[in-house]
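Below: the structure, in structure tokens.
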Amino acid sequence: MIHIDTIISHTLIAAISDLYSASIEPNTIQIQETRKEFVGDKTIVVFPFVRIAKKSPEQTATEIGTYLQNHIPTIESFNVVKGFLNLSVSADYWSDVLFDALAQGEEYGKTAVTNDSETIMVEYSSPNTNKPLHLGHIRNNVLGYSIANILEANGFKVIKANLINDRGIHICKSMLAWKKFGNGETPETAQLKGDHLVGKYYVRFDKEYKMQIQNGIAAGETEEYAKEHAPIMCQARELLRKWEAGDAETIELWNTMNSWVYDGFEQTYTRMGVSFDTIYYESQTYLLGKQIVLDGLTNGVLYAKDDGSIWADLTAEGLDHKLLLRPDGTSVYMTQDIGTAVERFKEFGSMRELVYVVGNEQNYHFQVLQLILKKLGYSWAERIYHMSYGMVELPDGKMKSREGTVVDADDLMEDMNKTAAAISTELGKLDGLTPEETHSIHEIIAQGALKYFILKVEPRKTMLFDPKESIDFNGNTGPFIQYTHARICSVLRKAEEQSIAIPTNAGSYVCNAKEQEVIKILARYKESIQLASKEHAPSHIANYLYELVKSYNHFYHECQILNEQDTQAQLFRLALSKQIATVIKSGMQLLGITVPERM
RNA sequence: GGCUCCGUAGCAUAAUUGGAUAGUGCACCUGACUACGGAUCAGGAGGUUGGGGGUUCGAAUCUCUCCGGAGUCACCA
């Protein structure tokens, strides 16, 4: 069916033409939802047209309103407040919206992916392999997974990629500490998840390192010297050199410890419900980009210093000089990122976008990356997008791994589960289910609370996480939305028991104001997906769902469904309830959140 | 110091991208259940949108300038 906004928009252009003999650009038309305190459904802002009409805003609005009412059957009436033209749409239109949506089911609001769809790669998660995941990674994973779903719902082919940083000095630190202090410990013997075990030795390294620095300073060294020459740090560097030289024993240990970490990550990812289509390893990509840089030097885009190092001069763009190859010819992180970006666009030629879900501490890095790619002449440089998100802070400040103030991802998920179980048990709604079913529902609620809490905030913003108070189960929360879904399911189950079939049209029923309110929000689902997609912000979906659910709950409280004596009304409300449940499920799925049928 | 981002009620957040009297949740008061599921609903109180100037019919939104916070300016990733 044709969207009412489209009809209004077209008719408005005709109106301006007929009334004032002028043509207007479609983008000057502003159609918005009429605010609650005024009568009407749709509002046109007429200020942009008063100059054309050469009349007062009120008079212009009245003339346009009259025209629209005469030309659009579904517009029943209008009123004018200052420069705002409020249009009232007929109940039939809203009924049509509902049943049109119902017919589309779970596809409602989404744009189908076809063979012709453009491809977008979303890189997210990208962990280091020297320590377990924490709350900051949860924000990354949840955002990345969600935006991938949202882009897909908006009609793009999406490739979810994970670039695992499996090499470098950090993993050598863990390896070295394990060799020195580990006594052959394994995840099995230690009864510890692999990533936590490796993390334990990373911490152990740091402890030893700090001690050696103190010793050095006590022996009269400067702090800088002590840091640089601490024996354990020198050994770690030596281990990295061995790794780069392909030393068999080192490689073997590296493989072993990384595999422990992957087992651990796998469990965490599974519990979080995130997944990837492709996994890259830095050990296989870190040499990429070198040739491109050398070519850039030949072309004169880059320059070399006397010591042989190669640089990009970005001062003309207001930035700094950036090193791309060290004097010894080895790469830095930026070099590799240039190389992988080039590879990816080579592999998926017509990619519309390459999205990097990475924290805002790397804003500068991505700015530089894009600029260098542009200078190197890659036309697609414009299409890399840094989906930058803010840090997660705790009530007493930033999370610092060294100070032990990080919130561990596995611990947090377990805590959330316990909280959900405690609340659920108290309410006793799950009595009669098997322990497995009960546990599964607790987990759904726990995950829903955590993910929604993170996703409802705009990604760019720094967010505060209060372990004690922040994760609510009331108000604007995941469980609140899940609850509404479960409640509707309960009603639908009862309807089915009574053999009441969901209708496919409204019959002669004219829907009331409460029902229309809900349908109006239902009608905005698609634009909510589009906005979230365009702005790379799942928060729009979260806030949309909250609004939808609030409105439905209001309706639910005001109107009887199964107990309604008027059969027409009963059927209509069942259809409405069913579609709202569908959109809740569909929208939550975009956030990576599952919804239970009871809770 | 340079660049980037943020600042909305005690706390946490929204505002259809320049539109109407800035919404909402927690917490705090007051109401609604022998229940189509109360993890709900209705009402109350709480704001100079960090301060000040500018742009215009109209600014939380754009601009300038201060103030406060974060990040970054590595031959780390």
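Labels below follow one simple rule: chain letters A, B, ... track the order of the sequence lines, proteins then strands, and each chain is numbered from 1. Values below: all heavy atoms of this structure, side chains included; hydrogens, waters and symmetry mates excluded.
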Is there a donor-acceptor contact under 3.5 Å linking the side chains of Asn141(A) and Ser125(A)? yes
Watson-Crick or G-U wobble partner for C57(B), using a 3.5 Å limit on both distances? G19(B)
Using purine N1 to pyrimidine N3 plus N6-O4 or O6-N4 for Watson-Crick, or N1-O2 and O6-N3 for G-U wobble, each under 3.5 Å, what pairs with G71(B)? C3(B)
First of Ile488(A) and Arg35(A) reached from the 5' end of RNA chain B, by closest nucleotide: Arg35(A)
Side-chain contact check for Gln30(A): nearest option of G19(B), U17(B), C41(B) is G19(B)
What interatomic distance, in whole Å, is found between C1' of C66(B) and the corresponding atom of G7(B)? 14 Å
Across all strands shown, which nucleotide pairs with A45(B) by Watson-Crick or G-U wobble geometry, both distances under 3.5 Å? none
Rounded off to whole Å, could you give me the NZ-to-P distance for the Lys42(A) and U16(B) pair? 15 Å
Pairwise P distance, A14(B) and U55(B) [rounded to whole Å]: 31 Å
Taking the ring centre of each residue, are Tyr286(A) and Trp243(A) less than 6.0 Å apart? yes
I'd like to know whether the aromatic ring centres of Tyr552(A) and Phe555(A) sit less than 6.0 Å apart in this structure. yes
Salt bridge present between Glu564(A) and Arg573(A) (N-O < 4.0 angstrom): yes
Assign a letter to each nucleotide of nucleotides 71-77 of chain B from its 5' end: B, base within under 4.0 Å of a protein heavy atom; S, sugar-phosphate only; -, no contact. SSS-BSB
Treat primed atoms plus P, OP1 and OP2 as sugar-phosphate and everything else as base, then score nucleotides 27-36 of chain B 5' to 3': B for base contact with protein heavy atoms under 4.0 Å, S for sugar-phosphate contact only, - for none. ---------B
Among A20(B), A39(B), G38(B), find the nucleotide with the atom closest to the side chain of Val81(A). A20(B)
Does one side chain, of Thr285(A) or Gln336(A), offer a donor that lies under 3.5 Å from an acceptor on the other? yes
If we take the P atom in both U17(B) and A9(B), what is their distance in whole Å? 24 Å
Could you work out the separation of G58(B) and G18(B) based on their C1' atoms and round it to a whole Å? 8 Å
Enumerate, atom names and distances included, each donor-acceptor pair closer than 3.5 Å involving a side-chain atom of residues 48-57 of chain A, sequence neighbours excluded.
| from | atom 1 | to | atom 2 | distance (Å) |
| --- | --- | --- | --- | --- |
| Lys55(A) | NZ | Glu63(A) | OE1 | 3.4 |
| Lys55(A) | NZ | Glu63(A) | OE2 | 3.0 |
| Ser56(A) | OG | Gln59(A) | N | 3.1 |

Members of residues 443-451 of chain A that approach RNA chain B, where some heavy atom sits under 4.0 Å away: Ile445(A)
Non-hydrogen atoms of Leu176(A) and Leu239(A) that approach each other most closely: N-CD2, 3.8 Å
How many whole angstroms separate atom CZ of Phe473(A) from atom C1' of G25(B)? 15 Å
Considering only atom C1', compute the distance from C67(B) to C26(B) and round it to an integer number of Å. 29 Å
If you assign Leu319(A) and Arg598(A) each to the RNA chain B nucleotide with the nearest heavy atom, which residue ends up on the more 5' nucleotide? Leu319(A)
What distance, rounded to whole Å, do you find between the two P atoms, one in C33(B) and one in A39(B)? 16 Å
Aro-ring/base stack Tyr483(A)-G37(B), d under 5.5 Å, angle under 30°: no
Compute whether any side-chain donor of one residue and acceptor of the other, for Ser283(A) and Asp166(A), lie under 3.5 angstrom apart. yes
Tell me whether the ring of Phe47(A) lies stacked over the G58(B) base, given a 5.5 Å limit on centroids and a 30° limit on the plane angle. no
Separation of atom OH in Tyr452(A) from atom C1' in A12(B), rounded to whole Å: 13 Å
Residue matched to U40(B) through Watson-Crick or wobble contacts both under 3.5 angstrom: A32(B)
What does Asp166(A) touch in the nucleic acid at a heavy-atom separation under 4.0 angstrom: a base, only the sugar-phosphate, or nothing? nothing
Distance, rounded to the nearest Å, where Asn476(A) contributes CG and C11(B) contributes P: 18 Å
Side-chain donor-acceptor contacts of residues 385-395 of chain A below 3.5 Å, not counting sequence neighbours, with atom names and distances?
| from | atom 1 | to | atom 2 | distance (Å) |
| --- | --- | --- | --- | --- |
| His386(A) | NE2 | Val358(A) | O | 2.8 |
| Ser388(A) | OG | Asn363(A) | OD1 | 2.8 |
| Tyr389(A) | OH | Asn140(A) | ND2 | 3.1 |

In whole angstroms, how far is the P atom of U40(B) from the CG atom of Asp472(A)? 10 Å
Over all heavy atoms of both residues, which pair between His485(A) and Ala581(A) is shortest? Give the atoms and the distance, please. CD2-O, 3.4 Å
All N/O donor-acceptor pairs, side-chain side in residues 316-323 of chain A, below 3.5 Å, sequence neighbours left out:
| from | atom 1 | to | atom 2 | distance (Å) |
| --- | --- | --- | --- | --- |
| Glu317(A) | OE2 | Lys375(A) | NZ | 3.2 |
| His321(A) | ND1 | Tyr303(A) | OH | 2.6 |

Can you figure out which of C26(B), A39(B), C6(B) approaches the side chain of Arg460(A) most closely? C6(B)
Using the ring centroid of each side chain, check whether His134(A) and His137(A) are separated by less than 6.0 Å. yes
Could you tell me whether Tyr546(A) contacts a base, only the sugar-phosphate backbone, or nothing, with contacts defined as non-hydrogen atoms closer than 4.0 Å? sugar-phosphate
Take atom C1' in G51(B) and the same atom in G46(B), then report the distance between them in whole Å. 22 Å
Near-ring test Tyr546(A)/Phe480(A), centroid separation under 6.0 angstrom: yes
Counting only Watson-Crick pairs (N1-N3 plus N6-O4 or O6-N4) and G-U wobbles (N1-O2, O6-N3), all under 3.5 Å, who is the partner of C26(B)? G10(B)
Whether the Thr477(A) and Asp472(A) side chains hold a donor-acceptor pair (N or O, under 3.5 Å, no angle test) is what I'd like checked. no
